[in-house]
Amino acid sequence: MSRRRIGFWYRLAAVICKPPLLVLFKRDWQGMEHIPADGGFITAVNHNSYLDPLSYAHYQYNTGRVPRFLAKAGLFKSGFVGLMMRGTGQIPVYRETTDAATAFRAAVSAIEKGECVAFYPEGTLTRDPELWPMQGKTGAARVALLTKAPVIPVAQWGANDAMPPYAKEKKLRLLPRKTLRVQAGPPVDLSAFYDQEPTAEVLRAATEVIMAAITEQLAVVRGEPAPAEPYDWRKAIARERRAAREAAKTPRGAAAAKAPAERAAAPKPAVGPQQARSTQQAQEDESK
């Protein structure tokens with residue numbers, strides 16, 4: 001089997017999802033010629049919006065090579081979404097369990113059968129303040145070195161304008177009509193790593209090559225230079241914690257940290273019956 005057929009469930013998903021995407025958004029798709037016509041391969045995609053899986057899936061579906069996503073296991077459990085996830089052959093990821101490696105075995109098996117497996121190497125929405133790809137996790141590199149399958153970097157931009165990540169309200173901003181931009185690049189050259197033992201250092205180096213290729217494509221899509229180094233989320237959190245500890249050491253910082261605890265521990269003043277009735281009446285008046 002050289003490639004996965006689209007099948008009933010993927011066609012049903014397309015019937016449901018494509019019409020609103022076509023109506024609500026404009027499209028700027030580039031690089032489809034880099035998607036292999038046959039054989040198994042990996043796509044490595046940046047992630048900057050809850051909406052961008054639909055944008056990328058639409059692009060990939062129109063190439064005739066449907067992707068199998070690695071998705072959180074909870075999405076497969078129940079309801080229509082779970083039915084669609086199972087029917088379209090997506091791959092559940094059981095995070096922080098002994099079954100976590102099952103997803104990678106399933107990905108390797110799918111690629112060996114001639115299918116496309118899509119990875120979001122960042123593992124979550126980017127935390128980069130400017131929405132550039134941040135440092136990636138090593139799963140895509142691990143599968144790539146095991147299978148020696150082509151890795152196609154895919155950059156996308158525009159879904160974040162319609163649904164910004166980490167916005168206080170997760171609602172669509174459809175007007176003015178947004179453009180969903182997706183661009184695939186040439187396969188990433190990982191041949192230098194094929195004969196090496198897949199140690200943590202080798203996997204990290206291969207991942208950096210993959211993330212650099214995605215970032216290069218995104219710089220073209222955005223029309224602006226990328227940062228010199230990818231955003232390191234862990235280092236940023238560590239800096240924030242150090243800054244908080246240093247602030248707490250100053251008299252003003254220590255007082256600010258101490259005040260909430262003192263207020264929480266302070267005994268509540270006694271409330272007499274008349275005062276309680278007055279308070280209750282005030283609350284009732286406020287609610288009218």
Side-chain angles (χ1 to χ4, degrees), residues 42-60 67-77 81-82 85 90-104 106-107 116-144 151-173 180-182 188 200 203-204 206-219 221-222 226-227 229-241:
I42 294 167
T43 54
V45 193
N46 69 306
H47 195 13
N48 55 35
S49 171
Y50 290 110
L51 188 64
D52 63 38
L54 286 177
S55 175
Y56 161 69
H58 189 189
Y59 171 92
Q60 186 76 27
R68 293 183 67 182
F69 288 90
L70 277 77
K72 291 184 291 186
L75 295 174
F76 292 75
K77 291 183 178 179
V81 171
M85 296 292 285
Q90 309 311 318
I91 300 172
V93 178
Y94 301 89
R95 293 180 178 176
E96 299 178 358
T97 71
T98 55
D99 293 328
T102 302
F104 297 112
C116 167
V117 175
F119 280 85
Y120 284 103
E122 296 162 280
T124 186
L125 291 168
T126 181
R127 261 64 171 186
D128 183 276
E130 299 300 323
L131 302 186
W132 291 98
M134 60 181 182
Q135 284 195 342
K137 297 185 178 181
T138 60
R142 185 184 299 275
V143 174
V151 179
I152 309 300
V154 179
Q156 53 184 346
W157 189 253
N160 51 289
D161 292 328
M163 183 175 283
Y166 309 112
K168 292 182 179 179
E169 297 183 9
K170 294 183 176 67
K171 60 182 181 180
L172 288 172
R173 304 175 183 180
L180 302 180
R181 295 180 169 86
V182 185
V188 181
L203 292 174
R204 172 53 54 196
T207 299
E208 290 174 357
V209 173
I210 293 171
M211 296 309 299
I214 299 172
T215 304
E216 180 181 354
Q217 294 302 313
L218 185 58
V221 171
R222 293 176 59 166
E229 294 183 357
Y231 183 75
D232 190 325
W233 184 22
R234 293 182 179 179
K235 286 184 179 179
I237 292 174
R239 284 196 299 269
E240 290 175 2
R241 289 175 176 171

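Numbers here simply count residues along the sequence, with the first being 1.
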Set of side chain to side chain contact (heavy atoms under 4.5 Å, CB included) partners for R234, sequence neighbours left out:
D232
Nearest heavy-atom pair of A44 and V151: which atoms, and what distance?
CB-CG1, 4.2 Å
If I take atom CG from residue D52 and atom NE2 from residue H47, how far apart are they, to the nearest 0.5 angstrom?
5.0 Å
Would you mind reporting whether R241 and I237 have side-chain heavy atoms less than 4.5 Å apart?
yes
So how far is it from W157 CH2 to R181 CZ, rounded to the nearest 0.5 Å?
10.5 Å
Closest approach of R204 to G136 (non-hydrogen atoms, all atoms of both residues)
NH1-O, 2.7 Å
Can you sort out the partners of K235 under salt bridge (Lys or Arg N to Asp or Glu O under 4.0 Å), two or more places apart, ordered by chain and number?
none
For P53 and Y120, the nearest pair of non-hydrogen atoms, with its separation, is CA-OH, 3.3 Å
R222: salt bridge (Lys or Arg N to Asp or Glu O under 4.0 Å) partners, not counting sequence neighbours
E224
Could you grab the distance from atom CZ of F104 to atom CG of L70, nearest 0.5 Å is fine?
6.5 Å
Would a distance-only check, ignoring hydrogens and angles, find a side-chain to backbone donor-acceptor pair under 3.5 Å from Y231 to E130?
no
Only counting residues at least two apart or in another chain, list the ones meeting side-chain hydrogen bond (donor to acceptor under 3.5 Å, both in side chains) with T43.
Y56
Nearest heavy atoms of Q60 and P67, plus distance in Å
CG-CD, 3.4 Å
Going from CG on L51 to CG on L180, what distance comes out if it is rounded to the nearest 0.5 angstrom?
6.5 Å
F119: ring-ring contact (aromatic ring centres under 6.0 Å, His included) partners, not counting sequence neighbours
none
Of all the heavy-atom pairs spanning M163 and K171, show the shortest one and how long it is.
CE-C, 4.4 Å
With T126, which residues qualify under side chain to side chain contact (heavy atoms under 4.5 Å, CB included), at least two apart?
N48, E122, D128, L131, M134
Side-chain touch S49/Q156, heavy atoms, less than 4.5 angstrom:
no
Just jot down the salt bridge (Lys or Arg N to Asp or Glu O under 4.0 Å) partners of R127, sequence neighbours excluded, or say none.
none
Could you work out, with side-chain hydrogen bond (donor to acceptor under 3.5 Å, both in side chains) as the rule, every residue matching Y59, not counting sequence neighbours?
none
Could you work out, with side chain to side chain contact (heavy atoms under 4.5 Å, CB included) as the rule, every residue matching A238, not counting sequence neighbours?
R242
Any residue meeting ring-ring contact (aromatic ring centres under 6.0 Å, His included) with Y50, in chain and number order, not counting sequence neighbours
none
With the side chain counted from C-beta on, respond yes when V143 and I42 share a heavy-atom pair under 4.5 Å apart, and no when they do not.
yes
With P230, which residues qualify under side chain to side chain contact (heavy atoms under 4.5 Å, CB included), at least two apart?
Q135
When the side chains of residues 210-218 are checked against the rest of the protein, which donor-acceptor pairs come out under 3.5 Å, sequence neighbours left out?
{"from": "T215", "atom 1": "OG1", "to": "M211", "atom 2": "O", "distance (Å)": "2.8"}
{"from": "Q217", "atom 1": "OE1", "to": "Q183", "atom 2": "NE2", "distance (Å)": "2.8"}

